[in-house]
Amino acid sequence: MLSIAIVVLVFVALLIPIVAILVDSPLGRSMARRMEGGGAGVGDLQNLQRKVEVLEGEVEELHRSMGGMKDELQFMQRLIEKPKTPGPSGS
């Protein structure tokens with residue numbers, strides 16, 4: 001019975017610093033804010049949604065721009081790879 005008590009005491013002694021580290025971490029602070037009810041409000045969610053929509057629009061614009069650059073690059077490659085044909089000679 002004494003050995004079980006010692007094991008439990010050692011376990012608790014090791015658990016205390018681990019819990020202290022977790023509570024002081026960003027994860028612990030986030031959990032504390034949620035428990036207090038200070039989590040993300042409706043305004044925060046709307047703000048995040050607006051930012052996501054702006055970012056999605058910018059990504060679509062970048063895709064279009066990249067497509068245009070891809071077409072231009074292919075055109076330039078065809079021009080470079082095209083064998084030069086001699087022009088009509090005047091002799």
Side-chain angles (χ1 to χ4, degrees):
M1 195 69 169
L2 184 61
S3 64
I4 294 175
I6 292 174
V7 169
V8 169
L9 284 175
V10 169
F11 178 73
V12 170
L14 293 174
L15 195 60
I16 289 172
I18 293 171
V19 170
I21 291 170
L22 288 176
V23 168
D24 194 36
S25 71
L27 178 64
R29 288 187 215 117
S30 173
M31 289 175 55
R33 277 194 302 273
R34 286 190 180 210
M35 291 170 77
E36 290 175 351
V42 174
D44 291 338
L45 292 177
Q46 290 174 346
N47 188 23
L48 286 174
Q49 184 178 9
R50 184 180 51 80
K51 287 181 180 181
V52 167
E53 289 172 357
V54 168
L55 289 173
E56 286 175 342
E58 290 179 0
V59 167
E60 288 176 15
E61 184 178 334
L62 287 172
H63 277 289
R64 285 191 297 273
S65 176
M66 290 290 290
M69 283 191 256
K70 187 177 180 181
D71 293 341
E72 291 174 10
L73 178 63
Q74 288 174 350
F75 175 74
M76 294 299 289
Q77 285 176 339
R78 284 193 303 267
L79 283 179
I80 291 171
E81 294 171 356
K82 186 176 179 181
K84 294 187 179 189
T85 56
S89 60
S91 28

Q.
To the nearest 0.5 Å, what is the distance between CG on Leu55 and CZ on Arg50?
A. 10.0 Å
Q | Heavy-atom donor-acceptor pair, Ser25 side chain to Leu22 backbone, under 3.5 Å | A | yes
Q) Does a side-chain heavy-atom distance below 4.5 Å link Met69 with Met66? A) yes
Q: Could you grab the distance from atom CD of Glu81 to atom CD of Gln74, nearest 0.5 Å is fine?
A: 10.5 Å
Q: Would you mind reporting whether Asp24 and Arg29 have side-chain heavy atoms less than 4.5 Å apart?
A: yes
**Q.** Same cluster (ILVMFWY, side-chain, under 4.5 Å), Ile18 and Leu27
**A.** no
Q.
Using the rule that Ile, Leu, Val, Met, Phe, Trp and Tyr join whenever any side-chain heavy atoms are under 4.5 Å apart, tell me whether Ile4 and Val12 fall into a single cluster.
A. yes
Q) Taking the hydrophobic residues Ile, Leu, Val, Met, Phe, Trp and Tyr, and joining any pair whose side-chain heavy atoms are under 4.5 Å apart, which ones share a cluster with Val10? A) Leu2, Ile6, Leu14
Q) Do Leu73 and Lys70 touch side chain to side chain, with heavy atoms closer than 4.5 Å? A) no
Q. More than 12 heavy atoms of other residues, nucleotides or ligands under 6.0 Å from CD of Glu61: is that the case?
A. no
